[in-house]
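These figures come from a predicted structure and were not determined experimentally. By convention in this document, chain letters (A, B, ...) are assigned in the order of the sequence lines, proteins followed by strands, and residues within each chain are numbered from 1.
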Amino acid sequence: MRFETPTSVDQAVALLAADPEARLLAGGTDLLVRLRAGNIAPSTIIDIKRIAEMTVISQEDGGWRIGAAVPSAEMNEHAALKADWPGVVESADLIGSTQIQGRATLAGNLCNASPAADSVPAMVAAGATARIAGPDGTRDVAVEDIPTGVGKTSLGKGELVTSIHLPPKPARSGDAYLRFIPRTEMDIAVVGCGIYVTLDDQGKISDARVALGAVAPTVILSQSCADTLIGTAGDDAALDALAAAASAEAKPIDDKRGTIAFRKDVAGVLAKRAARIALARARGDS
Amino acid sequence: MFRLNGRDVRVEPRVGERLSEALRERLGARDVKVGCNAGDCGACTVLVDRAPVCACLMPAQQAAGCEVETLAGLVAHEPLASDLARRFEGQGAAQCGICTPGMMVSAVALLREAPAPSEGQVMDALAGVLCRCTGYRKIVDAVMGRAPGAVADAEGHTGAAIEKLDGRAKVTGKERFGDDVAPVDALIIKVIRSPHPHARFTLGDLEGFAAREGVEAILTASDVPGVNLFGTIPGFVDQPVFAEGVVRFRGEAVAAVVGRADVMASFDPARFPVEWEVLPDVQGMADAMADGAPQLHPDRAGNVMCGGFVAHGDVGAALERAAVVAEGVFETGFVEHAYIEPEAGFAQVVDGRVEVYACTQAPVMDLDTLSEVLGMERARIRVVPTATGGGFGSKLDVSVQPYLAIAALKTGQPVRITYERGESMQSTTKRHPSRMHVRIGADAEGRISGLRFDGLFNTGAYASWGPTVANRVPVHASGPYAVGDYRAEAQGIHTHCPPSGAFRGFGVPQAAVAQESLFDELADRLGIDRLEFRMRNALANGVPTVCGQVFAQGVGIRACLEALRPAWESERAEAARINAGDGPVRRGVGVAAGWYGCGNTSLPNPSTIKAGVRADGRIVLHQGAADIGQGANTVIAQIFATALGVPVSRLDLVGGDTDVTPDAGKTSASRQTFVSGNAARLAGEALRAQILQRVNAGEEALIVPGADAFEIREGAGVHRLDLTALEPDAEGYVMRVAESYDPPTRPLDENGQGHPYAQFGYAAHLCVLDVDMRLGTVRPVRFVAAHDVGHAVNPLLIEGQVEGGIAQGMGMALMEEYLPGRTENLHDYLIPTIGDMPPVETLIIEEPDAHGPYGAKGLGEHVLIPTAPAILNAIRDATGVQMRRLPVTPARLRAAMGVAGHA
């Protein structure tokens, strides 16, 4: 096993393209666990933390570009980013403990492709895109198109995610993320729900995105959920319809963390509660 | 190349080597503890460029150029950290101490940024560090700098809430646990385990394998020099060190590989030559008892290991004439001890003797077992307990010890082993799952007329402490109440699961869940206040227990219940106020009681404590009761100092080492304060008598120890005992005593009548909690815990036991269930975190016991017996639903609420 520390994206792409068995290392919070458990035995570990452009948060066209090696703790300390996209930042803040947040990254959470990844529904609701670098150059892809199954991504040979982009936040918009775990903290989502809304100048919802996590092999971006909100004032009837739609959209499995019936029900409850928070943020109430 | 605690260091780690390993094994920083290697427990927290990280999740290569700080360096160099260490000591915030480095390092990172943090900030900063001993509250108090719970007391005798005498090492990173004692060049042992719950197996070409891998030795059943079996109860020694031809649970050992550290770093157990033939297995008790089920042990028909039975009066008639009868079937699952220190140790051969250093609750029992397994006389074996990073019952059984001893003897070299978290969870004992059918009747005035208990306990593949559970449960299933007509039977059932053994309470917490839940139902049906109902039925002095035992003094349950009354009334009123509003959250208040007999059930369990005085005036206490964090090292010294009549600070403590310290029995059954405490009292009294006799002083004289001589003051007179004039014995003592104590019990007859224990301790808990009715989540917001301890030897340590016990009871009630093959780590097996733990108010009741030292009673297990039923009763209070299956996960509660019409 080799340990490589490229200092540019091009070097990282070259290393990755040359060795199909190589694995990327950012915070290491998933990689080292899997190494230890013997699940993977990579030939090369490529540490991306020394690639300068991947370690910064920068403003871009009114939105935000978050380098793939930026730990979630840094996002949490970034006041302007947090003011624009509190739901995304809060979702990243739920990934493990302080110890983990000092290491773990949004891009790592995305590319680990766990159905329960906390930051993914929040990013999807926010309309985030991932910038991918590869042997054929760079491309931008919607976050929801990255995970294709449990532990699987749409990344091609030699490709890596170099940053996540959050779009400019329109006026009168807000986002929120809630997850359900049986313990207070330090757990994997049993259900997660990210919601983004924009209000028109009459206070009616003009745009909405609803993403559900941990209730299917990959994140669900639900148009039917969004449709229950769009055109309404986010009143109780709309939120009840949203809850029903979220329960209907959820396609969870039975496991020790929750039954199918329970998870579908919780998806509805969380959607309703997350929508309330997103609406309050859009109205400037919080 | 990086900086470690202020100095430049250079290491050449393997690719992918964890920073934790590099720090511990290459740089000697064994103050960095490893609990899970998965970022779940936080014990290995270090600061990298001032930010807390799990050293187990950071590749050592990534530390290049960084500033790395560990607990030992912080405490040595930074006033903020050394102050925090003092605060941890003053709060009793370190019990076993294994999580303490992670807690303190995380706290230092916080305190550097926020010198006066809020409770919320503290909880957030420490959320990633698990503690299994303390219940977290004292850690929060320490980090916030709240007034210390400990007192400065010059004498430190019983009754004084002094700091732990052995606490300093735990807060400075100097404590040495099972994995901290081996030299770096020791050979490493890796156990090969079965991936199947039931299988036949054939080992392949071991010699060829050893040669290919370059390992030093392979151990199998044929390498066991003595009897290839271990166990804890005579007649039930049934678990092989290495399985022979067939395995009976997933994780059972079939072989072990011993090799150099560099070789073992790349060793993959999957390459080990073994062929499996999978056989049908039974996981549940019903399947195990069904006709045609595979039989685990040929001499235990129907997979029934053994049973226990207590009967008194005519329960059938009593239930017939009862005004109301409540009945239910209650079920609980496996509970994992989840101490943060995985089993670990080191062994070497010295002058033909084998020395085993390992974490343990029972060093002399370990020696007994090794003597049988090694076929070696006891004199040739030495067991030295390391600090033990939590035990809770599971470290009563041997785990790593036989592998260490056999490997050391076979290779002739120092050897070490540390269980991975997964193999610790797979292979060591669990709390017994139970299925309990209980019927309880009461008359119209609310007096219990009869109670029938029929319990099955899943004891797994081997006996371990299963017979103890089977015997204890029928004695305790009445709870601390007067029940005239009673019949209780418990059976241990074998399955292809990990062995169930000892876990805080030996089955009593499970039985209390059923009995205390049905008590609430009876009280409600009779229209009697639930606390009042318990008061009416509480045992009292002079009232026989279900075993026909009558205590003339010390039955403190009524006082415990009475102590809860103010909180019961105010919290019920507050709950009514909260529940009058709407919103998805409802508040509930629950109460439950418990009792527990201290020491072995009707069997001898003596302790011996030895002490001596050296010519230079040093008073040495040989204290062999294993301190696994609960505080035996402090409590037993306090009792000895009280009896001798000298300040506790004058004592030199010598710990459990089977070469130098007599047998103080096992740290089990809440017996150390009572039994070893009594031996310490007797030893102190004997030494005092010897000193006074030498100067012909009266009993009331004051002993003032000095160097070379003791002054004995009596009224105006002063005697001088010149120690240098006395002849030292072979051990260098000029005076020496050793005293033993064995609790007075009497055997139980065929109906379980007799004197099973010389003393019981009593407890009652009140729980206030909120239920999110839409999600099914349960959030405890406060506990009030009343405990009759007879005499509070150390109130600070009592609070520590109570808070930690409540945390474990809360885990058992709400989130913990071990599922073989599915929850073999600390992210799928959930234990309470700091954010789960609400404030606890401990109310100490002192109804002196006739036998305990200065009236003291045991406590270690009582602390969690009422917790789970108090939580269940509070859930019922909030929701109207009586939950009969533990843990009460949100999914289960929501499902039950659906059934109960709360959709």
Side-chain angles (χ1 to χ4, degrees), chain A residues 1-5 23 25-38 41-45 47 49-50 71 73-74 93 96-104 180-188 190-191 243 254-263 265-266 268-270 272-273, chain B residues 14-16 18 37-40 42 44-45 48 51-54 56-59 61-62 64 102 106 109-110 123-130 268-270 420 422 584 772 774-777 779 814-815 817 819 822-823 827-828 830-836 887 889-892 894-895 898:
Chain A
M1 200 157 43
R2 292 182 305 144
F3 191 85
E4 297 287 351
T5 52
R23 286 281 179 153
L25 167 71
T29 53
D30 288 312
L31 184 69
L32 260 73
V33 175
R34 293 167 72 174
L35 272 181
R36 181 75 174 198
S43 50
T44 307
I45 291 176
D47 179 5
K49 287 233 170 201
R50 314 230 165 219
E74 243 171 76
D93 194 42
S97 58
T98 304
Q99 284 83 337
I100 304 299
Q101 285 153 22
R103 308 280 309 157
F180 177 84
I181 58 171
R183 191 161 73 170
T184 306
E185 59 216 352
M186 290 281 289
D187 198 4
I188 299 159
V190 177
V191 180
D254 261 324
D255 70 6
K256 62 183 184 297
R257 291 173 191 273
T259 57
I260 290 171
F262 176 73
R263 282 186 150 136
D265 187 48
V266 168
V269 179
L270 288 191
K272 193 169 166 178
R273 291 183 183 181
Chain B
R14 298 185 314 279
V15 174
R18 294 151 186 268
N37 269 323
D40 299 319
C44 66
T45 300
V48 176
V53 303
C54 288
C56 75
L57 288 189
M58 182 164 176
Q61 284 88 351
Q62 276 191 317
S106 303
L110 170 69
M123 289 203 160
D124 204 38
L126 304 188
V129 190
L130 295 176
D268 181 357
E420 294 281 333
D772 185 323
R774 280 304 281 121
L775 292 175
T777 44
R779 186 169 177 76
L814 296 178
M815 63 184 82
E817 184 167 25
L819 304 168
R822 292 163 66 195
T823 61
H827 51 266
D828 290 317
L830 300 181
I831 66 171
T833 63
I834 199 167
D836 293 318
T889 59
R892 283 181 185 156
R894 280 288 296 159

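With contacts defined as side-chain heavy-atom distances shorter than 4.5 Å, the pair A:R103/B:Q62 qualifies. Contact annotation: the side chain of B:C56 never approaches that of A:L32 to less than 4.5 Å [non-hydrogen atoms, C-beta and beyond]. Between A:L25 and B:Q61, every side-chain heavy-atom pair lies at or beyond the 4.5 Å cut-off. Counting heavy atoms from C-beta outward, A:P182 and B:L830 have side chains that approach closer than 4.5 Å.
How far CG of B:D40 is from CD1 of A:I100: 7.5 Å, rounded to the nearest 0.5 Å. Annotation: the span from A:T184 atom OG1 to B:D836 atom CG amounts to 3.0 Å, rounded to 0.5 Å. Atom-to-atom distance recorded for A:K256:NZ and B:E817:CD is 11.0 Å, nearest 0.5 angstrom.
Most heavy-atom pairs under 4.5 Å with chain B: of the set A:V269, A:T44, A:I45, A:I188, this distinction falls to A:V269. Of the listed residues (B:P832, B:A270, B:G422, B:P59), the one with the most heavy-atom contacts under 4.5 Å to chain A is B:P59. The greatest number of non-hydrogen atom pairs below 4.5 Å with chain B, out of A:V190, A:T98, A:I181, A:V266, is found for A:T98.
Both the backbone and the side chain of B:D828 come within contact range of chain A, judged by heavy atoms closer than 4.5 Å. The contact between A:A26 and chain B is made entirely by backbone atoms, counting heavy-atom distances below 4.5 Å. Using a 4.5 Å cut-off between heavy atoms, B:M58 contacts chain A through both its backbone and its side chain. Looking at B:L775, both its backbone and its side chain come within 4.5 Å of chain A, counting heavy atoms on both sides. Looking at A:F262, only its side chain comes within 4.5 Å of chain B, counting heavy atoms on both sides. For B:A38, the parts lying under 4.5 angstrom from a heavy atom of chain A are both the backbone and the side chain. Neither the backbone nor the side chain of B:L814 comes within less than 4.5 Å of any heavy atom of chain A. Contacts of B:A64 with chain A are made by both backbone and side-chain atoms, with heavy-atom separations under 4.5 Å. When heavy atoms are compared at a cutoff of 4.5 Å, A:R50 approaches chain B solely by way of its side chain, counted from C-beta outward. The part of B:P584 that comes within reach of chain A is its side chain, from C-beta onward, which places non-hydrogen atoms under 4.5 angstrom from that chain. Heavy-atom distances place no part of B:R14 under 4.5 Å from chain A, backbone and side chain included.
Closest non-hydrogen pair, B:C54 versus A:Q99, comes out as SG-CB, 3.6 Å.
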(message) If you apply the rule side chain to side chain contact (heavy atoms under 4.5 Å, CB included), what do you find for A:E185 with B:I834, and how did you get there?
(response) CA-CA 9 Å; A:E185 59 216 352; B:I834 199 167; 3.5 Å; yes
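Checked against side-chain contact (heavy atoms from CB on, under 4.5 Å), A:M186 has the following partners two or more places apart in sequence or in another chain: A:S97, A:R183, B:T833. Among residues two or more places apart in sequence or in another chain, the side chain to side chain donor-acceptor pair (under 3.5 Å) test is passed with B:T889 by none.
Using a 4.0 Å cut-off between charged side-chain N and carboxylate O, B:R774 and A:D265 make a salt bridge.
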